[in-house]
Amino acid sequence: MHRPEGAPRPPSLYERAVWEVGAGADVVAVPACPVCDAVAARARFGIEGLESQLVVCAGCGTGRVHPRPDAAALRELYPPSYYGDLGRKFRAPIEPLVRWVGDRHAAFLARGLGSGRVLDVGCGRGVILRALADRGLEAHGFEVSEAATRGADPRAKIRVAESLEQAGYPDAHFDRVVVWHVLEHVPDPRAALDTVRRILRPGGRLV
């Protein structure tokens, strides 16, 4: 559901107060944990303006938001500034440092690949993709947000979809897949990793 024209945007996740629920919070029933399949968790933090809380799995301690917001509600939590503007997100000296780190990642990914096909899941503005393309690799990116990809290197082949599975990549398609600072944003991390396994070629590498 879209906001009416001119309606104020709800506060982003950065603008909401967060508080500790307390050690005495009740254990509640939750959908199966994506790590250990436990179905019980304890509330840990409340979030201003959200019915959801951050809960901690009673089995393995993994934290997650419960109940999980739907795709539209999740999009509202990320402010436009989260993605940067036309390929840049930070001011100097941070932006050059981010690009240097991206170049280091690309060098690691390119090791042992004379040529090859690399997918960056959650590629954003394509910092790693640019560095991969500079090294002669076939650079692919996946994103859930069209806005996030603005300013990405035109050499990169980027798909936008609600989930990695819905992006429609064929089996055994990539030599490397990168999931960097992304898994914590994915509603179903186990399903995402299952898809990564499917689209990696035999002997390929997940980073």
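Bear in mind the structure is a predicted one, so any value in this text is a computation, not a measurement. Just so you know, residue 1 is the first one in the sequence shown, and it goes up from there. Only heavy atoms go into these numbers, but all of them, side chains included; no hydrogens, no water, no symmetry mates.
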Less than 3.5 Å apart, which donor and acceptor atoms pair up between the side chains of residues 62-69 and the rest of the protein, not counting sequence neighbours?
residue : atom : partner : partner atom : Å
R64     : NH1  : P31     : O            : 3.1
R64     : NH2  : P31     : O            : 2.7
R68     : NH1  : P187    : O            : 2.9

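- When the side chains of ILVMFWY residues are joined at heavy-atom separations under 4.5 Å, either directly or via intervening members, V55 and I47 end up in two distinct hydrophobic clusters.
- Legend: residues meeting salt bridge (Lys or Arg N to Asp or Glu O under 4.0 Å) with R198, ordered by chain and number and at least two apart, are E165, D171.
- Heavy atoms only, all atoms of each residue included: P202 and A172 are closest at CD-CB, 4.1 Å.
- The side-chain contact (heavy atoms from CB on, under 4.5 Å) check on A40 picks up V27, A58, with sequence neighbours excluded.
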- Could you give me the CA-CA distance, side-chain angles and deciding distance for R205 and D175, then say whether salt bridge (Lys or Arg N to Asp or Glu O under 4.0 Å) is met? CA-CA 7 Å; R205 181 183 294 171; D175 299 286; over 6 Å; no
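- Every pair passing side-chain hydrogen bond (donor to acceptor under 3.5 Å, both in side chains) that includes a residue from residues 27-41 is listed here, sequence neighbours excluded: D37-R190.
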Side-chain donor-acceptor distances from residues 153-162 under 3.5 Å, at least two apart:
residue : atom : partner : partner atom : Å
D153    : OD1  : R155    : N            : 2.8
D153    : OD1  : R155    : NE           : 2.9
D153    : OD2  : R155    : NE           : 3.3
D153    : OD2  : R155    : NH2          : 2.8
R155    : NH1  : D134    : OD1          : 3.1
R155    : NH2  : D134    : OD1          : 2.7
R159    : NH1  : A167    : O            : 2.9
R159    : NH1  : G168    : O            : 3.3
E162    : OE2  : R75     : NH1          : 3.3

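- In the hydrophobic cluster analysis, where Ile, Leu, Val, Met, Phe, Trp and Tyr join through side-chain heavy atoms closer than 4.5 angstrom, L193 is grouped together with L164.
- Looking at residues two or more places apart in sequence or on another chain, you find a side chain to side chain donor-acceptor pair (under 3.5 Å) between E138 and R117, H140.
- Residues L119 and F142 come closest through the heavy atom pair CD1-N, 3.9 Å.
- Partners of A38 according to the side-chain contact (heavy atoms from CB on, under 4.5 Å) rule, which considers only residues two or more places apart in sequence or in another chain, are C36, C57.
- Here V30 is tied into one hydrophobic group with V28, each link being a pair of ILVMFWY side chains closer than 4.5 Å.
- Here the straight-line distance linking atom CZ of R176 with atom CG of D120 works out to 14.0 Å at 0.5 Å rounding.
- Side-chain N or O atoms of Q53 include none that pairs as donor or acceptor with a backbone N or O of G46 at under 3.5 Å.
- Under a cut-off of 6.0 angstrom, the local environment of CD in E51 is sparse, with at most 12 non-hydrogen atoms contributed by other residues, nucleotides or ligands.
- Nearest approach of V118 to F174, heavy atoms of both residues: C-CD2, 4.0 Å.
- With rounding to the nearest 0.5 Å, the separation of CZ in R125 from CZ in R150 is 13.0 Å.
- Between the side chain of S145 and the main chain of A148, a donor-acceptor pair closer than 3.5 Å is present.
- Not counting sequence neighbours, the partners of V179 by the side-chain contact (heavy atoms from CB on, under 4.5 Å) test are V121, V177, V182, L183, V196, L206.
- One hydrophobic cluster holds both L129 and W180 under the rule that ILVMFWY side chains link at heavy-atom gaps under 4.5 Å.
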